[in-house]
Each structure stands twice: as C-alpha cells, then as structure tokens.
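Scroll down for the structure; my scribbles are underneath it.
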Protein chains: 2
Amino acid sequence: MRIAVDAMGGDYAPKEVVAGIEMARDRYPEIEFDLYGQSDKVKPFLNNEDHITLVQADEVITMEDEPVRALRRKKQSSIVLAAQAVRDGKDDAFFSAGNSGALLAAGLLIIGRIKGIDRPGLTTTLPVLNNPEQNQFLMLDVGANADSKPFNLYQYAILGKYYAQTVMGVENPRIGLLNNGTEADKGDMVHKAVHEYLANAKDLNFIGNVESRELLNGAADVVVTDGFTGNAVLKNTEGTALSMLKLIKHSIMNGGITSKLGAAMLKSTFKDIQTQMDYSKYGGAVLLGVKAPVIKTHGSAKAETIANTIGQIKTMLENHSVDNVVTYFNDHSEEMAAAKAEMQK
Amino acid sequence: MRIAVDAMGGDYAPKEVVAGIEMARDRYPEIEFDLYGQSDKVKPFLNNEDHITLVQADEVITMEDEPVRALRRKKQSSIVLAAQAVRDGKDDAFFSAGNSGALLAAGLLIIGRIKGIDRPGLTTTLPVLNNPEQNQFLMLDVGANADSKPFNLYQYAILGKYYAQTVMGVENPRIGLLNNGTEADKGDMVHKAVHEYLANAKDLNFIGNVESRELLNGAADVVVTDGFTGNAVLKNTEGTALSMLKLIKHSIMNGGITSKLGAAMLKSTFKDIQTQMDYSKYGGAVLLGVKAPVIKTHGSAKAETIANTIGQIKTMLENHSVDNVVTYFNDHSEEMAAAKAEMQK
C-alpha cells in the first residue's frame with residue numbers, strides 16, 4: 001500500500017504535513033509514503049525517512065491559483081506529479097491539504113473517472129449528535145459539481161452506498177435525498193425527478209426525502225444532494241456550530257465571576273462537545289467516482305488530522321472501496337445507460 | 001390599521017393565537033383585529049373584545065391539507081375568508097401560524113402579486129451573533145419557490161432592500177448573493193447569471209457573493225438565494241443550533257455533580273445565548289411581493305411570539321413597506337421588462 005502525498009498543500013505545509021505523515025507511518029507500518037514537494041523545504045521537517053520517500057516537485061500550486069490553468073501550467077507541481085504517479089499505478093491513493101479545486105481537477109483529469117460514472121462527487125463525513133445508535137453520516141455531492149442533473153444524483157447514491165459499506169461499516173446504508181420537505185412530491189424539478197428514480201431503484205435502501213434540519217440527528221446514513229445545496233449546507237453547519245461556540249465563549253467572558261467559575265467546572269463537558277462536533281476525526285473529503293482514492297483535508301489541518309485521514313485512506317484501500325464501485329458499474333453498464341436515457345427525457 | 005388574523009392556525013390555536021392578539025392589542029391600541037375562525041371555539045379564550053372583532057369561518061385548513069386544493073374546497077375557511085378581506089381592502093394585512101403552503105397560496109392567488117413582480121419570495125429575519133454592529137439579517141427566498149430563475153433572484157434583491165429599509169431600518173442595506181464561494185465566477189448557471197446582473201444593477205448596494213458559513217457573522221443585511229437553497233440553509237441553521245443546545249444539555253446531565261453545578265452557575269449565560277439565538281423575536285416570515293403584508297409565524301408559536309409578529313406587521317404598515325415596492329415597480333416597469341428579457345436569453 002503506497003500513498004502519494006502533496007507535501008506542499010495546506011496552511012501549515014510542509015511542516016504539519018510531514019509531522020502528520022510521520023505520525024501515520026508510526027501507526028501504520030504497512031504503508032509506504034511518497035512525499036511530493038520541494039525537497040529542500042520538506043527535508044528539514046523530516047525526522048526519519050523510514051517508509052517515506054521524498055520525490056522532488058519543483059513547483060507549487062497555491063490556494064490562489066486557478067485550478068485547471070494551474071494543472072496545465074505547473075507540470076512540475078506536487079499535485080500534478082502525485083496525481084500522475086497514481087494514474088500510472090506507482091501510488092495507490094492521493095492525499096492533499098492544498099488547493100481543493102486543483103485536487104478535484106487532478107482527480108478528474110489526470111487520475112480519471114471510473115468507467116460508467118458521469119460526474120464524480122465530493123463526499124464528507126459529518127457527526128450525528130444525541131443519537132446512541134449512529135455517530136456519523138455521509139453527504140455528497142458537497143461541491144464537486146455546481147450544476148447537477150438527476151442522473152448525477154442517482155449515481156451519488158450508489159457511490160455513497162459503497163463508501164458507507166466499505167469505510168463506515170454500515171451494511172445496508174439508509175439513503176436519503178436532501179429536499180425541502182419529507183413528502184415525495186417536494187422539491188424543484190431536479191429533486192422530484194431524482195426522488196422518483198431512487199424510489200424505484202433496486203439495490204438501494206432509499207428512505208425518501210430528508211430535511212436539512214434533521215441531518216445532525218441522523219436522518220440517514222448517506223445524504224444525497226446536488227453540489228450547490230450540499231456545499232451550502234455543509235458550510236452552514238460549520239458556520240452555525242462555530243458561531244454558537246463563539247457566542248458561548250463570549251457570553252461566559254462577559255458573565256462575571258460566577259459565569260467564569262461555572263465555565264471552569266464545565267471544562268470537561270465543553271471538551272466532550274468539541275470532540276463530538278469535530279468531524280475531522282473521520283478524515284477528509286473524498287472524491288468518489290475516480291479510479292483511486294483522492295482525499296482532501298482542511299487547509300488548516302494539523303498533524304493529528306492528517307494522520308487520521310491516512311487511516312481513512314488505509315481503510316478505503318484495504319476494503320477495496322474503489323474496486324467495488326468499478327465492478328458495480330462494469331456489471332451494470334446497460335442499466336446505467338438506460339437510466340441515463342430515461343432521466344434525460 | 002386593521003389586521004386579519006387566522007385564529008385557527010398553529011399547534012396551539014386558537015388559545016395561544018387569541019392570547020397573542022390580546023397581548024398585541026394591549027401593546028398597540030391603534031390596531032383593530034379581525035379574528036377569523038370558528039367563533040364557538042375562539043370566544044372562550046377571549047377575555048375582552050376591545051379592538052377585536054370575531055368573524056365566523058365555518059371551516060379550518062389543517063396542516064395536512066394540500067394547499068391549493070384546500071383553498072379551492074374550503075371556501076369558508078379562516079384562511080380563505082381572511083385573505084379575501086385583505087384583497088377587498090377590509091383588512092390591511094394577514095397573519096397566520098397555520099398551514100404555510102395554504103397561506104402562501106392565499107397570498108399569491110387571493111391577495112395577488114404586485115404588478116411587475118414575477119414571483120413573490122418568502123423572507124425570514126435571522127440573528128447575527130458576535131457582531132456589535134449588526135444584530136439581524138434578512139434572507140429570501142426561503143421556500144416560496146423551489147425552482148427560481150435568475151430574474152426572480154434579481155427581484156428578491158429589490159424586495160429585500162425595501163424590507164430592510166422600512167422594517168429593519170437599514171438605510172443602505174448590503175445585499176449579498178448566497179453562493180458556493182465568494183469569487184465572482186462561482187456557482188451554478190443560475191447564480192452566475194444573477195451575480196452578473198446584480199453587479200451591474202443600479203439602486204442596489206450589491207456586495208457580491210456570500211457563503212453560508214458567514215451568514216450568522218453578518219456577511220450581509222440581505223441575503224439573496226433561490227428558494228431551494230434558502231430553505232435548506234434556514235432549516236440547517238435551526239437544526240444545527242438545536243442539536244448543539246441538546247448536546248450541551250445532554251453532556252451536562254451526564255457530566256456528574258461538578259458539571260451540573262457549573263451549569264447552574266452559567267444559567268444566566270445560557271439564557272443570554274438562547275435570547276440571542278431566538279429569532280422569533282424579529283417576528284415571522286413575510287411573503288414579499290404581494291399586495292399586502294402576509295406574515296406567517298412558526299406553528300409552535302405561543303402568545304409572546306405572536307404579539308411580536310403583530311409588532312412587525314405594524315412596522316410594515318406604518319412604514320409603507322408594500323407601497324414603496326408598488327411605487328418602485330410601477331416607476332421601473334420598462335427596466336424590469338428589459339431585465340427579464342435580458343436574463344432569459
């Protein structure tokens with residue numbers, strides 16, 4: 001098992017990336033890492049080269065670069081070289097904390113789509129709160145495609161199912177469609193069409209529409225959504241949670257001595273809350289539908305989160321997440337062609 | 001000033017509706033109320049008929065009724081009769097805590113659109129947290145239209161501007177477009193088209209794209225969005241906030257005696273947080289773009305919220321919220337026709 005790592009991506013690269021990879025190497029001795037980056041910048045942070053190979057990449061794609069143009073112009077960048085190594089079978093998976101757009105574009109254009117998949121989708125794992133029977137759920141697409149057609153959402157459901165099975169360990173994942181009401185006839189034209197198709201799909205445990213109000217309560221294991229709404233809901237969840245934590249902190253600081261004392265006594269409770277809310281423990285966002293695991297973690301990720309994300313990639317590789325999808329779409333190519341024709345009518 | 005009230009709508013109707021209207025009557029002696037409902041059910045809760053007139057409505061539209069069909073079949077319902085009274089000029093505004101779809105449909109089909117407006121939009125006021133310079137913002141459309149065209153979003157911006165000026169008292173409201181990135185070229189086809197148009201619009205203080213992560217921080221005074229995304233983001237904000245409060249409560253209850261003591265000491269802090277988060281204090285959701293104020297409050301609203309919502313309606317009437325919009329669209333009919341043609345190309 002060999003993972004290509006973009007050592008230059010992320011707010012704290014290469015330092016925290018290298019620290020995270022060393023942490024992962026110590027956890028998972030069976031993994032080999034190829035670290036793509038400017039060796040003179042990466043090497044000073046590397047304590048020990050066991051299972052880690054530095055691969056020189058002269059250029060860096062920054063957060064400001066326009067993704068597709070950057071791929072074309074910066075042929076010697078860590079993102080381009082790492083993606084090419086995955087395409088050529090030298091590495092099995094690709095990890096980066098850098099420019100999301102460039103990573104998605106590299107996944108699509110260099111590593112390539114699985115045969116039969118129209119549009120790969122970006123998926124994120126989020127925490128379920130206050131529910132002893134479920135502690136996480138999956139949502140996709142959260143932003144790979146701003147304009148999604150019904151057929152794309154149908155394929156997201158299949159991709160989400162295999163990911164939930166192979167990585168989250170949910171045997172028969174409940175698949176919900178994010179919509180503006182739970183009734184079957186709700187939604188805009190795209191979501192009405194998807195609902196009808198999912199309701200009749202074999203092989204899928206479709207539980208109907210779910211509302212964004214119920215997501216953190218565990219409304220479904222896999223929440224299917226178009227990339228525009230999914231992106232808005234994901235960012236809104238993060239924003240609302242952060243704003244509330246800030247409000248609590250602020251209220252305590254302005255609440256006088258009793259309030260501060262109370263907060264001190266609640267320290268372990270607050271820590272518990274932060275742990276439950278922290279979804280980086282589940283790893284990064286995955287581009288599903290391409291020929292190898294392509295995983296992006298937050299730009300602000302530090303070593304611990306990066307090591308967790310490597311654990312997620314290990315699970316994907318061990319459980320053949322991508323191979324299962326390749327097989328499914330290979331075995332169902334006629335059904336897919338029929339579904340596409342049907343949904344474009 | 002005369003307000004038509006649906007006495008039968010809401011989870012606690014007619015009791016809490018009547019209590020809310022009596023509270024509002026005591027606050028605002030200049031308002032006359034027409035209470036539409038089954039008089040035998042409404043009257044027992046009414047302490048004092050000063051400024052309150054009961055109007056018999058034999059039928060009730062329930063939460064389960066299909067909106068448009070209900071309007072057609074239940075001609076003697078409180079919603080239909082109240083809307084007709086507003087249409088006929090007997091009442092100046094319409095308030096309900098009942099079936100949202102039926103209220104929207106009554107606004108559109110009975111009271112009617114303002115001339116020049118393609119699709120009225122539903123707007124809600126939300127709190128801004130942690131920002132001493134702004135305590136609320138407006139978002140529309142939050143669900144009147146699942147399928148919105150660019151031209152509709154352009155008109156939402158104008159409707160939102162007048163509402164923010166006349167009700168929130170913001171002189172030159174900053175208008176943001178909810179999108180999946182702040183750069184001008186972000187979004188799906190609809191949002192790209194709207195951005196281009198808003199960026200060139202006269203009369204609007206357009207500040208560009210805003211992301212859902214920044215809404216509660218006060219990214220804009222008026223957040224323009226399509227009804228599908230707006231609905232998802234509104235419900236997600238509510239859901240995330242509620243789930244977090246529940247998580248905090250749960251963690252405290254399971255945190256042992258120190259944790260419970262700490263929570264007791266933070267009681268006033270938690271109350272302060274709840275007050276800041278409670279956006280029902282700003283009133284209900286308003287259907288903007290129809291010929292009179294049509295306001296919907298949460299089905300679970302109790303007397304206090306209902307009285308606050310009446311205060312909001314009073315402000316709309318006093319400050320000629322609707323008249324200003326009528327005048328604007330009357331004066332700009334040629335521009336609107338040109339904009340519509342341009343945006344449908």
Side-chain angles (χ1 to χ4, degrees), chain A residues 129-130 143 145-148 178-181 186-192 211-217 225-229 231-248 250-252 254-256 258-259 261-270 272-273 276-277, chain B residues 129-130 143 145-148 178-181 186-192 211-217 225-229 231-248 250-252 254-256 258-259 261-270 272-273 276-277:
Chain A
L129 308 177
N130 315 304
N145 307 296
D147 290 285
S148 309
L178 185 64
N179 209 331
N180 59 8
K186 284 283 178 173
D188 60 5
M189 287 180 298
V190 168
H191 292 81
K192 281 179 186 168
E211 290 195 276
S212 60
R213 190 187 280 126
E214 299 299 331
L215 297 184
L216 297 187
N217 294 332
T225 173
D226 66 282
F228 191 85
T229 312
N231 190 268
V233 165
L234 174 65
K235 288 176 179 164
N236 187 250
T237 304
E238 292 174 355
T240 305
L242 276 177
S243 292
M244 280 192 67
L245 289 175
K246 216 164 124 187
L247 174 64
I248 292 170
H250 191 258
S251 294
I252 288 169
N254 288 288
T258 321
S259 181
L261 256 173
M265 296 171 91
L266 278 175
K267 210 174 164 189
S268 75
T269 301
F270 284 138
D272 177 47
I273 291 165
Q276 283 208 50
M277 289 299 298
Chain B
L129 308 177
N130 315 306
N145 307 297
D147 290 286
S148 308
L178 184 64
N179 209 331
N180 58 7
K186 284 285 177 172
D188 59 5
M189 288 179 299
V190 168
H191 291 82
K192 280 180 187 168
E211 290 195 276
S212 60
R213 190 187 280 127
E214 299 299 330
L215 298 184
L216 297 187
N217 294 333
T225 173
D226 67 283
F228 191 86
T229 312
N231 190 268
V233 165
L234 173 66
K235 287 175 179 165
N236 188 251
T237 304
E238 292 173 356
T240 305
L242 276 176
S243 292
M244 280 193 66
L245 289 174
K246 215 164 125 187
L247 174 64
I248 292 170
H250 191 258
S251 294
I252 288 170
N254 288 287
T258 322
S259 180
L261 256 173
M265 296 172 90
L266 278 175
K267 212 173 163 189
S268 75
T269 301
F270 284 137
D272 177 46
I273 291 163
Q276 283 207 49
M277 289 300 298

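Note: hydrogens, waters and symmetry copies are ignored here, and every other heavy atom, side chains too, is used. Order of the sequence lines sets the chain letters (A, B, ...), proteins ahead of strands, with each chain counted from 1.
Interface summary for chain B: among A:Asn236, A:Val233, A:Leu266, A:Leu178, the most heavy-atom pairs under 4.5 angstrom belong to A:Asn236. Considering only heavy-atom pairs separated by less than 4.5 Å from chain A, the leading option among B:Gly256, B:Ala241, B:Ser148 is B:Ala241. Put simply, of B:Lys186, B:Lys192, B:Glu238, the one with the most heavy-atom pairs under 4.5 Å next to chain A is B:Glu238. Between chain B and the residues A:Gly181, A:Ser212, A:Gly227, the most heavy-atom pairs under 4.5 angstrom are made by A:Ser212. Options A:Leu245, A:Leu216, A:Thr237, A:Val190 differ in how many heavy-atom pairs under 4.5 Å they form with chain B, and the most are formed by A:Thr237. Chosen from A:Ala264, A:Ser259, A:Ala263, the residue pairing most often with chain B at heavy-atom distances under 4.5 Å is A:Ser259. The most heavy-atom pairs under 4.5 Å with chain A, out of B:Gly239, B:Ser243, B:Gly143, come from B:Ser243. Of the listed residues B:Thr240, B:Asp188, B:Leu261, the one with more heavy-atom pairs under 4.5 angstrom with chain A than any other is B:Asp188.
Proximity to chain B is absent for every atom of A:Asn254, based on heavy atoms less than 4.5 angstrom apart. Interface remark: B:Glu214 contributes no atoms to any contact with chain A (heavy atom separation under 4.5 Å). Contacts between A:Leu129 and chain B at a heavy-atom distance below 4.5 Å involve the side chain alone, from C-beta outward. With a threshold of 4.5 angstrom between heavy atoms, A:Asn180 approaches chain B through its backbone and through its side chain. For A:Leu215, the part lying near chain B is the side chain, with the backbone staying farther off; criterion is any non-hydrogen pair under 4.5 Å. Both the backbone and the side chain of B:Asn179 come within contact range of chain A, judged by heavy atoms closer than 4.5 Å. Heavy-atom distances place no part of A:Ser268 under 4.5 Å from chain B, backbone and side chain included.
Looking at A:Asp226, A:Thr229, A:Thr225 one by one, the single match for side chain to side chain donor-acceptor pair (under 3.5 Å) with A:His191 turns out to be A:Asp226.
One finds the CD1 atom of B:Ile252 at 12.0 Å from the CE atom of A:Met265 (value rounded to the nearest 0.5 Å). Here the CG atom belonging to A:Leu247 is positioned 10.0 Å from the CE atom belonging to B:Met244, to the nearest 0.5 angstrom.
At least one side-chain heavy atom of A:Lys235 sits less than 4.5 Å from a side-chain heavy atom of A:Asn231.
At distances below 3.5 Å, not a single donor-acceptor pair connects side-chain atoms of B:Asn217 with backbone N or O atoms of B:Asn130.
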